[in-house]
Amino acid sequence: MEHNAHAGVLHGHHAHDHDHAHDHHEHHETFVSKYVFSMDHKVISRQFLITAVIMAVVAMVMSIIFRLQLAWPGEKFAFIEAIMGRKWGKDGILDPNAYLALVTIHGTIMVFFVLTGGLSGTFSNLLIPLQIGARDMASGFLNMLSYWFFLASSTIMLSSLFIEDGAASAGWTIYPPLSALPEAIPGSKLGMTLWLVSMSLFIVSSLLGGLNYIITIINLRTKGMKMTRLPLTVWAFLITAILGVLSFPVLFSCALLLIFDRSMGTSFYLSDIYIGGKPMEQVGGSPILFEHLFWFLGHPEVYIVLLPALGITSEIIATNSRKPIFGYRAMIGSMLAIGFLSFIVWGHHMFMTGMNPFLGSVFVFTTLLIAIPSAVKAFNYITTLWKGNIQYTPAMLFSIGLVSSFVTGGVTGIILADSTLDITVHDTYFVVAHFHIVMGLSAIFGMFAGVYHWFPKMFLRMMNKKLGYLHFWVTFLGAYGVFFPMHFLGMSGVPRRYYTNSNFPLFDNLMDINQFVTMCAIFAAFGQVIFLINFFYSIFRGEKATQNPWNSNTLEWTTPMAHVHGNWPGALPEVHRWSYDYSKPGQPHDFVPQTVPLGPDEHDGGEH
Amino acid sequence: MTLLYILAFVLLCIALNQLFKVFELSRDLRGEKLYKTTDSDNKFNGRAMFLFMLLFFGFFLWQIDAYWYRILPKSASEHGNKIDALMMANYWLVILVFFVVNGFLFFFAYKYHGKKDRKAEYILHNNKLEMLWTVVPAIALAFIIIFGLKYWNEIMKRDNDPNPIKIELYAKQFDWTARYPGKDNEFGIDDYMQIDGSNPVGLDTNDARCHDDILVKNEFHLPVGREVIFTFRSRDIIHSAFMPHFRAQMNCVPGQITTFRFKPIVTTAEMRKEKHVQRNLDEVNAIRIKRGDDPVEFDYLLLCNKICGASHYNMQMKIVVESEADYNKWLANQKPIKSAAKTTAQK
């Protein structure tokens, strides 16, 4: 840990208090080494969080702009011209190409930058060392690089919004040939190049982070921290990181081949194309190859987004129900099963590509199998609440919100996974409703839950509880209001990614549904303003936190109320039990920290 | 004026800052732990959870009431009836699970809200329960998989009818062209290198089988009760041929030929008389009249369902289903490529 030791602590005055804890603290700390090029996992986690919050705000504003277009096409909104400029928002009406760019970048930012980089980056970084009892990540330097690649990638993605031809606009799945041919759509000029560069850097960031998480969890657990004593958060982060390490390189190869096709005249994905008034020379490639490569990452990606959220809520639901998580081993088993199955289901995104129907059948089978471990998880959450003593912190509210959206969005997956039924709902709003509820809402609820719960560890202050309640209820009501009616749009046959649904008469009478959805989206956006105020206000002036504000068992709450580099000033804590001994009979309190030795006749809960 | 706004904003900020300071001071003076949940917080949120459940379920039922008649009308194709039946069965199952699981979740969230004097029960796991909720979903899924795959294989089978109507749908940014094989009932081969103004779908002009092929735009016709085998091609990028009323969809991939087949069983005229269709059309026309547009009649549409560029939202084509006699009459009036080319040349 030598190389990490100089990386520093958050507040100057704390540094003096804890200097004695480290023998080698003689290096001079500069602002840059403390906050900017920091190798401390706690600082890196906060860097990830703040970056992700900014990215999320951008993506949310985008969604409001295109929702306005969908609800009131042709209506003039002065602020759309103000934001989008005269080129993309002339007279306050959104340009069709700009609409597609917004949809594309909204999806890209939300999936990758907020729910992958933001969620894993923040909480894996913060919690892995703290919950396993390690001084820091296995490699602080690679961890720092991981953040800087993420920031570079975010910056490039945002910069693509300001170029002349507009940002990438082939949808977040960037299917070629649309994404490969600048003649097909202006967004496939420089915008697509920047998208590919940005995502390549993002993949580097994700791999550096992921390798670090895996190595840290396997090697740096403190004494007594057996795998069966790990909190479910850490299990979730471990499985997530493994999924990322196995699947992101495939996305990289997928993007690389697209870069070749775009700029070097190869034809991996191109064949028999006539565009811009002339036939192209490239022959023999297949766009379907791209889809296979893309979804080989794309489906595990869904679980890369979801598993950390599930891990976070497992921890929060157990803590705030004051009960052990129900079926600890079943929870681990189901996460492992989901992780494994996520690699053999990608074809369900491609039932309608003309893929061999028999191959489709195989993917139907594997996909529907995922419903089983998912159901196990949902039931285990609910049974954890059963006979509990639920403490409604804002984090707990969001965790319950997650279970609800996981179930509500999950069940429609059964319909989409069935190739027969997919024929009618494929690429309609039914899909949009499904993945936004099961993946978008669940993951973002998990992220909010994590922020409220571990805010005291990150910023040593508390977020305001009442504002947190308000934030939750506004978000919960608004979010279901946005996404639930979309099922009905899909069942009416409305395709996704349409600039307007009123260009031909078929869908004209569905306009009131679209307007309802947009109003709910604006309502929910106000909820996020409440969150932002609460978040930034509390960082600087929130109530001072106490050491273990939620009476929790896990190791992070045994660290002092200061950002000590190396996490624990003295020796590392020793672990004697699993992390879920809540309300254990015969104990003085309703929680027993993992550092408390087992009594003479006591059994470790994780052993069951 | 702007200055006044700025001034007002600055003053507001100062006032808010002072307000926060007072709040923080009193908070610190009293030494309360504001973040701790109190019994009244737990009670409030527990009740809110229950109330939310009622609202949520009510919202769902309201949507069924308000939106259900707007979903796609009865299937216009034979296989579509099977899809619809399977879809309904799945809906029932899914809705049941939605109600039961959300119901348990919100009910427990209400019932077990925290109280100072209550202690949670130390329950670790229960193998019987775990078994139950592994096996029951597995059985339900087995049924879904079996029926799903049975229908899937039937729909995707290629040899239902020895003598199907053949139609090729050709996609490009941003319109559709339908091609009928003409008298010889055979499509010629295609060659994208030969695409030009007089050969818009890229046929190999050396292949005599192409010469009697018929190209139509804007609308294409289908005979009711006859199996139609569609082949799909694309000139430029991936499009998707989506015919929602026929429960049919297939991507059009450049460099590949994809297929889908179905048998239309409801003519356009019959579908226009459907109550469900009429009710929606009345709504559409009421909106159109208010907007100053002419009222329209219901038509089947072929839509593009894969993002394909700026006018993706408007890439559609009308489908007319009619009796076989009417269909043959319509087809006879369409000009084959060779003679169409001639007439253009003569002009």
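Because only heavy atoms are used, hydrogens play no part in the values below, and waters and symmetry mates are left out as well, while side chains stay in. The structure presented is a predicted model; accordingly, all values stated were derived computationally and were not measured. In the text below, chain A, chain B and the rest are named by the order of the sequence lines, each starting its count at 1.
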Practice task
Check the pair B:Arg291, A:Asp508 against salt bridge (Lys or Arg N to Asp or Glu O under 4.0 Å), reporting the backbone distance first and the verdict last.
Solution key: CA-CA 11 Å; B:Arg291 233 177 15 207; A:Asp508 261 350; 3.0 Å; yes
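The shortest side-chain heavy-atom distance between A:Thr383 and B:Phe108 does not fall under the 4.5 Å cut-off. Using a 4.5 Å heavy-atom cutoff, the side chains of B:Leu86 and A:Asp418 are in contact. When side chains are defined from C-beta on, B:Leu34 does not count as touching A:Lys466, because their heavy atoms never get closer than 4.5 Å. Residues B:Ile238 and A:Leu178 have side chains not in contact (no heavy-atom distance under 4.5 Å, counting atoms from C-beta outward). The closest side-chain heavy-atom distance from A:Leu489 to B:Arg70 is not below 4.5 Å. Between A:Thr424 and B:Gln249, the closest side-chain pair of non-hydrogen atoms is not below 4.5 Å. Between A:Tyr469 and B:Thr37, some side-chain heavy-atom pair lies under the 4.5 Å cut-off. Between A:His426 and B:Lys306, the closest side-chain pair of non-hydrogen atoms falls below 4.5 Å.
In this structure, the portion of A:Ser169 lying under 4.5 Å from any heavy atom of chain B is its backbone and not its side chain. A:Met396 does not touch chain B: none of its heavy atoms, backbone or side chain, sits under 4.5 Å away. Only the side chain of A:Leu181 comes within contact range of chain B, with at least one heavy atom under 4.5 Å from a heavy atom of that chain. Interface remark: A:Asp422 contributes backbone atoms only to the contact with chain B (heavy atom separation under 4.5 Å). Neither the backbone nor the side chain of A:Tyr452 comes within less than 4.5 Å of any heavy atom of chain B. Only the backbone of B:Ala248 comes within contact range of chain A, with heavy atoms under 4.5 Å apart. Proximity to chain B is limited to the backbone of A:Gln587, based on heavy atoms less than 4.5 angstrom apart. Contact of A:Arg496 with chain B is made through the backbone alone, with heavy-atom distances under 4.5 Å. For B:Leu129, the part lying near chain A is the side chain, with the backbone staying farther off; criterion is any non-hydrogen pair under 4.5 Å. Interface residue A:Val407: only side-chain heavy atoms are found under 4.5 Å from chain B. Contact of A:Pro176 with chain B is made through the backbone alone, with heavy-atom distances under 4.5 Å. Within the 4.5 angstrom heavy-atom criterion, atoms from both the backbone and the side chain of B:Met49 approach chain A. For A:Ile423, the parts lying under 4.5 angstrom from a heavy atom of chain B are both the backbone and the side chain. Contact of B:Tyr35 with chain A is made through backbone and side chain together, with heavy-atom distances under 4.5 Å. When heavy atoms are compared at a cutoff of 4.5 Å, A:Asp95 does not approach chain B at all. Interface residue A:Val283: only side-chain heavy atoms are found under 4.5 Å from chain B. In this structure, chain A has no heavy atom under 4.5 Å from any part of B:Lys150. Both the backbone and the side chain of A:Ile400 come within contact range of chain B, each with at least one heavy atom under 4.5 Å from a heavy atom of that chain. Using a 4.5 Å cut-off between heavy atoms, A:Ser321 touches chain B through its backbone atoms (N, CA, C, O) alone.
Each of B:Ala142, B:Ala138, B:Cys252, B:Pro244 has some count of heavy-atom pairs under 4.5 Å with chain A, and the biggest count is that of B:Ala138. When each of B:Val135, B:Leu93, B:Ile64 is scored by its heavy-atom pairs under 4.5 Å with chain A, the top score falls to B:Ile64. In terms of heavy-atom pairs under 4.5 Å with chain A, the best-connected choice from B:Gly309, B:Ala140, B:Pro137, B:Pro73 is B:Gly309. Counting heavy-atom pairs under 4.5 Å between each of B:Leu149, B:Val253, B:Ile123 and chain A puts B:Ile123 at the top.
Of the N and O atoms on the side chains of B:Tyr192 and A:Ser271, not one donor lies less than 3.5 Å from an acceptor on the other residue. A:Asn509 and B:Arg288 are not linked by any side-chain donor-acceptor pair at a separation below 3.5 angstrom, with hydrogens and angles left out of the test. Checked by atom type, the side-chain pair A:Thr408/B:Asn102 shows a donor-acceptor distance below 3.5 Å. Under the 3.5 Å distance criterion, with hydrogens and angles disregarded, no donor-acceptor pair is assigned to the side chains of A:Thr353 and B:Asn251.
How far CE of A:Met491 is from CE of B:Met87: 7.0 Å, rounded to the nearest 0.5 Å. For the atom pair CD1 of A:Ile273 and CD1 of B:Ile237, the computed distance is 9.0 Å after rounding to the nearest 0.5 Å. A distance of 10.0 Å separates CD1 of B:Ile146 from CZ of A:Phe365, quoted to the nearest 0.5 Å. To the nearest 0.5 angstrom, A:Ile382 atom CD1 is 8.5 Å from B:Trp133 atom CH2.
In this structure a side-chain-to-backbone donor-acceptor pair under 3.5 Å is present from A:Thr420 to B:Trp152. Judged by distance alone, with hydrogens and angles left aside, the side-chain atoms of B:Glu130 form no donor-acceptor pair with the main-chain N or O of A:Ala330 at under 3.5 Å. A:Asn389 places a side-chain N or O within 3.5 Å of a backbone atom of B:Lys115 that can act as its donor or acceptor partner. Distance alone, capped at 3.5 Å, places no donor-acceptor pair between the A:Lys387 side chain and the B:Ala120 backbone.
With ring centers used as reference points, A:Tyr480 lies 6.0 Å or more from B:Phe59. In this structure, the ring of B:Phe44 has its center no less than 6.0 angstrom from the ring center of A:Tyr392. In this structure, A:Phe484 has its ring center closer than 6.0 angstrom to the ring center of B:Phe98. When ring centroids are compared, A:Tyr498 and B:Tyr313 stay outside the 6.0 Å threshold.
The shortest non-hydrogen separation linking B:Lys119 to A:Lys584 is NZ-O, 3.8 Å.
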